[in-house]
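Below is one structure, written out as structure tokens; the observations come after it.
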Amino acid sequence: MAPNLDVRIGQTGAYGNLDVRRRLGTASTEVGGDGSEQTRAALGGTTRLGALYQLTDESISMPIVGLLGRVRSLYGPGGTAYETEATALFGKTLVGGARPLGVSLNVGTVYRFDPAPGERTTRYLVNASAGQALARDTALVVTYAREQQEKAQPDYSLVQVGVRHRLRDQRAILGVAIGFGLNRNTPQFQFALAVQWELGASN
């Protein structure tokens, strides 16, 4: 869109019972009833619109620094909720060359509009990753994600291991990952697929 400015549109989804969807951040609010909605599998998701601005370039001593702001709607059988997110992103290449090794750290806060009774208005999130290039267009990525949940529950805490591959001709990135929860309030196992398109990117 402009120098150092990217506009990002995203869509996520999760299939499972209400508890699983809430822990994956794709359910908006608890539903009432006799509890059958808690165990019945259903689809939930989020739609995201945001912008990423790069503040600095990487140097020998300084990391890349960026700011990400976005709005998102969460929907599912429990209803719809709306949130804003502001995140600071830091990235640094530790080893250069043909197969570089890099690390990143994202620290942010989430604000929920019109929270339901018992839900937090603001929450924090932390995401730390390390990526090792396996080939020119393929990288192994290990990520630790931690996020305060919207209700008075232990933080979401997950380790994820995956592979990302860039299709240069199609300007797309494909990803596959598995995740493992670190506490009882996080899914014990997660399998994720991701597709990212770079519209208007230069070769």
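We're numbering straight along the sequence, starting at 1.
Hydrophobic clustering (ILVMFWY, side-chain heavy atoms < 4.5 Å, transitive): L167 and V195 are in one cluster. Hydrophobic clustering of Ile, Leu, Val, Met, Phe, Trp and Tyr side chains at less than 4.5 Å, counting indirect connections, keeps L74 apart from F113. If you chain together hydrophobic residues whose side chains sit under 4.5 Å apart, V141 and L134 never meet in one group. The hydrophobic cluster containing W197 does not contain I173, counting ILVMFWY residues as joined when their side-chain heavy atoms lie under 4.5 angstrom apart, directly or transitively.
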Worksheet item: How far apart are the C-alpha atoms of V110 and R72, what are their side-chain angles, what is the distance that settles it, and do they pass the side chain to side chain contact (heavy atoms under 4.5 Å, CB included) test?
Response: CA-CA 10 Å; V110 177; R72 59 187 180 189; 3.5 Å; yes
Practice prompt. Please assess V71 against Y82 for the test side chain to side chain contact (heavy atoms under 4.5 Å, CB included), listing each intermediate value before the final yes or no.
Written response: CA-CA 7 Å; V71 295; Y82 300 93; over 6 Å; no
Discussion item. D137 vs H165, test: side chain to side chain contact (heavy atoms under 4.5 Å, CB included). Steps then yes/no.
Written reply: CA-CA 6 Å; D137 297 309; H165 178 71; 4.1 Å; yes
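For the ring-ring contact (aromatic ring centres under 6.0 Å, His included) test, no residue two or more places apart in sequence or in another chain qualifies with F191. Under the rule for a side-chain hydrogen bond (donor to acceptor under 3.5 Å, both in side chains), N106 has no partner lying at least two apart in sequence or in another chain. Residues meeting the ring-ring contact (aromatic ring centres under 6.0 Å, His included) test with Y144, sequence neighbours left out: none.
G162 approaches L140 most closely through the heavy-atom pair O-CD1, 3.4 Å. Minimum heavy-atom separation, T47 to Q11: OG1-OE1, 2.7 Å. A pairwise comparison of heavy atoms in R8 and L52 identifies NH2-CD2, 3.2 Å as the closest pair. Closest non-hydrogen pair, T143 versus S129, comes out as OG1-OG, 2.9 Å. The minimum heavy-atom distance linking A51 with L5 is given by the pair CB-CD1, 4.1 Å. T93 and P100 get closest at one heavy-atom pair: CG2-CB, 4.3 Å.
Within the model, atoms CG of L105 and NZ of K92 stand 14.5 Å from one another, a figure rounded to the nearest 0.5 Å. To the nearest 0.5 Å, atom CG of residue L49 and atom CZ of residue R70 are 10.5 Å apart. Summarising the geometry, atom CZ belonging to F180 is positioned 10.0 Å from atom CD belonging to Q160; distances are rounded to the nearest 0.5 Å. Rounding to the nearest 0.5 Å places CG of N127 at 9.0 Å from OG1 of T87. Between L182 atom CG and D155 atom CG the span is 11.5 Å, to the nearest 0.5 Å. Here CD of E147 is found 11.5 Å from OG of S157. Values are rounded to the nearest 0.5 Å.
Electrostatic pairing of R123 and E83 counts as a salt bridge here, judged by a charged N lying under 4.0 Å from a carboxylate O.
In this structure, T109 and Y124 have side chains that are not in contact, with every pair of non-hydrogen atoms separated by 4.5 Å or more.
Under the 3.5 Å distance criterion, the side-chain polar atoms of R120 are matched with a main-chain donor or acceptor of Q149. For the pair T56 (side chain) and P63 (backbone), a donor-acceptor distance under 3.5 Å is present.
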